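For reference, the structure is listed below as structure tokens.
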Amino acid sequence: TTTNNILRPRDTAAHIDLRRYPAPPDLDRYVERFWAVHWDLDEPYEVELIPHPCVNVTFLPVLGGEVHGVGTHTSKHPLVGRGQVFGVKFRPGGFAAYRHVSAAAFTDRSTPVREVFGASADELADAVLATPDDARRVELVAAYLRQRFTVDDTAYQQVLRVIGTMLDDRTITRVDQAAERCGMSPRTLQRLFRRYVGVGPKWVIRRYRMHDGAERLATGAVDDPAALAVELGWFDQAHFTRDFSALIGMSPVEYANACAAADDREPMAVLTA
């Protein structure tokens with residue numbers, strides 16, 4: 001999936017060290033990648049994300065291992081001093097298919113890994129947190145996941161195909177378009193997404209287009225916010241501004257100008273948002 005979920009990406013990159021590691025071939029059906037964030041800060045800094053429609057499993061000192069369902073709101077992560085977090089990003093629908101659970105039960109929730117995987121997950125968390133080496137952490141978690149494969153889930157293939165279509169074809173802005181492209185009814189698509197992804201297909205499409213919009217605004221690639229809104233599938237600029245502001249806490253123009261200020265770029269000439 002896309003990686004453009006970090007708000008104010010250039011400013012954030014100056015404060016944290018984000019590392020991404022590919023999943024081994026035998027796991028990449030379910031796992032998109034492993035990742036780690038390292039930081040060493042003189043002053044507190046808050047990282048803000050527009051979460052992807054994916055489940056993440058994280059390992060953090062004190063908190064241990066946690067399963068994070070799809071987040072429907074931006075998430076804020078205040079960082080201080082020196083620290084690190086290691087994580088596993090599952091593909092959309094991948095966690096539900098791998099564990100044979102309903103993704104909707106995890107939406108907007110964080111659950112200790114032991115409640116999902118059992119007591120052995122505590123030993124895994126201890127081992128992951130005991131080593132400072134990311135490569136070793138990947139090995140430990142990959143081995144743990146590999147040992148717990150179950151019967152494959154064929155319906156999950158349909159979810160992956162639809163998700164790929166939504167990502168690859170930016171002209172898809174409605175559920176009926178995605179359903180027709182993939183040869184299924186909108187109702188079937190909605191049922192699959194609730195079960196495997198944890199949110200509906202309309203929400204996923206809007207989230208991906210919001211990622212697209214935020215990325216383009218952050219890089220200064222938008223000359224006409226009204227045209228951007230329509231291109232991304234909103235009825236007009238006012239509707240896009242409302243949804244963008246509700247999610248991110250500022251209008252598209254305000255966000256573009258905040259990124260420009262951090263990057264030493266000229267602010268957008270548009271004065272209304």
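For the single chain, residues carry numbers from 1 onward in sequence order. Both backbone and side-chain heavy atoms feed into the values below; hydrogens, waters and symmetry mates do not. Everything numeric in this text was worked out from a predicted model, so none of it was measured.
Rounding to the nearest 0.5 Å places CG of N56 at 7.0 Å from NZ of K89. Going from atom CZ of R137 over to atom CG of L140 covers 9.5 Å, rounded to the nearest 0.5 Å. To the nearest 0.5 Å, atom CD of residue E66 and atom CZ of residue R109 are 11.5 Å apart. The line from CG of L232 to OH of Y208 is 15.0 Å long, rounded to the nearest 0.5 Å. Summarising the geometry, atom CD1 belonging to I16 is positioned 13.0 Å from atom CD belonging to Q84; distances are rounded to the nearest 0.5 Å. Note that the CE atom of M166 and the CZ atom of R181 stand 11.0 Å from one another [nearest 0.5 Å].
Judged purely by atom type and a 3.5 angstrom limit, R8 has no side-chain atom pairing as donor or acceptor with the backbone of A13. Between the side chain of R91 and the main chain of D28, a donor-acceptor pair closer than 3.5 Å is present. The backbone N or O of W234 lies less than 3.5 Å from no partner atom in the side chain of R206, so there is not a single donor-acceptor pair. Formation of a donor-acceptor pair under 3.5 Å by the T12 side chain with backbone atoms of V47 is not found in this model. When atom types are taken as modelled, the side chain of R194 and the backbone of A104 share no donor-acceptor pair closer than 3.5 angstrom. In this structure, E115 contributes its side chain and P112 its backbone to no donor-acceptor pair below 3.5 Å. For the pair R209 (side chain) and I172 (backbone), a donor-acceptor distance under 3.5 Å is present. Not one N or O on the side chain of T131 forms a donor-acceptor pair closer than 3.5 Å with the backbone of V128. Side-chain atoms of T74 come within 3.5 Å of backbone atoms of L247 as a donor-acceptor pair (strictly under, hydrogens ignored). A side-chain donor-acceptor contact under 3.5 Å links R207 to the backbone of T72.
Of all heavy-atom pairs spanning A258 and M250, the tightest one is CB-SD, 4.4 Å. Looking at every heavy atom in both residues, Y255 comes nearest to A214 through CE2-O, 3.5 Å. For the pair W39 and V85, the tightest heavy-atom approach, listed with the atom from each and the gap, is CZ3-N, 3.9 Å. Residues V80 and L41 come closest through the heavy atom pair N-CD1, 4.4 Å. The heavy-atom pair separating L145 from Y98 by the smallest distance is O-OH, 2.5 Å. In terms of heavy atoms, V70 sits closest to V199 at CG1-CG1, 4.2 Å.
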Take Q177 and I205, measure what side-chain contact (heavy atoms from CB on, under 4.5 Å) needs, and give me the verdict at the end. CA-CA 11 Å; Q177 293 173 318; I205 293 171; over 6 Å; no
Begin with the C-alpha distance, continue with both residues' side-chain angles, and end with the deciding distance and a verdict on side-chain contact (heavy atoms from CB on, under 4.5 Å) for R29 and Q157. CA-CA 9 Å; R29 174 175 172 79; Q157 273 301 118; 2.4 Å; yes
Pair Y30-Y156, side-chain contact (heavy atoms from CB on, under 4.5 Å): steps then yes or no: CA-CA 9 Å; Y30 301 104; Y156 171 51; 3.8 Å; yes
Begin with the C-alpha distance, continue with both residues' side-chain angles, and end with the deciding distance and a verdict on side-chain contact (heavy atoms from CB on, under 4.5 Å) for W203 and V197. CA-CA 11 Å; W203 186 95; V197 185; over 6 Å; no
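A perpendicular orientation is assigned to the rings of H211 and H52, their planes being inclined by more than 60° (bins at 30° and 60°). Under the 30°/60° scheme for interplanar angles, the aromatic rings of F95 and F90 are found to stand perpendicular.
Both cation-pi conditions hold for R99 and F117: the charged atom is under 6.0 angstrom from the six-membered ring centre and inside a 45 degree cone around its axis. Judged by the 6.0 Å distance and 45° axis criteria, R19 is not positioned over the aromatic ring of Y21.
Side-chain atoms of Y45 and H77, non-hydrogen and from C-beta on, never get closer than 4.5 Å to each other. Proximity of Q158 to T188: side-chain heavy atoms (C-beta onward) are nowhere separated by under 4.5 Å. The shortest distance between side-chain heavy atoms of W35 and T58 falls below 4.5 Å. You'll find the side chain of L27 reaches within 4.5 Å of the side chain of F149, heavy atoms only. Between S120 and Q147, the closest side-chain pair of non-hydrogen atoms is not below 4.5 Å. In this structure, the side chains of V57 and V116 stay at 4.5 Å or more apart for every pair of heavy atoms. For the pair E48 and I248, the minimum side-chain heavy-atom distance is 4.5 Å or more. No side-chain heavy atom of D134 sits less than 4.5 Å from a side-chain heavy atom of F34.
Remark: D42 CG is loosely packed, at most 12 non-hydrogen atoms of other residues, nucleotides or ligands lying under 6.0 Å away. Within 6.0 Å of the CD atom in E46, the count of heavy atoms belonging to other residues, nucleotides or ligands exceeds 12.
Placement of L217 and V230 in two distinct hydrophobic clusters is found when ILVMFWY residues are connected by side-chain heavy-atom separations under 4.5 Å, directly or transitively.
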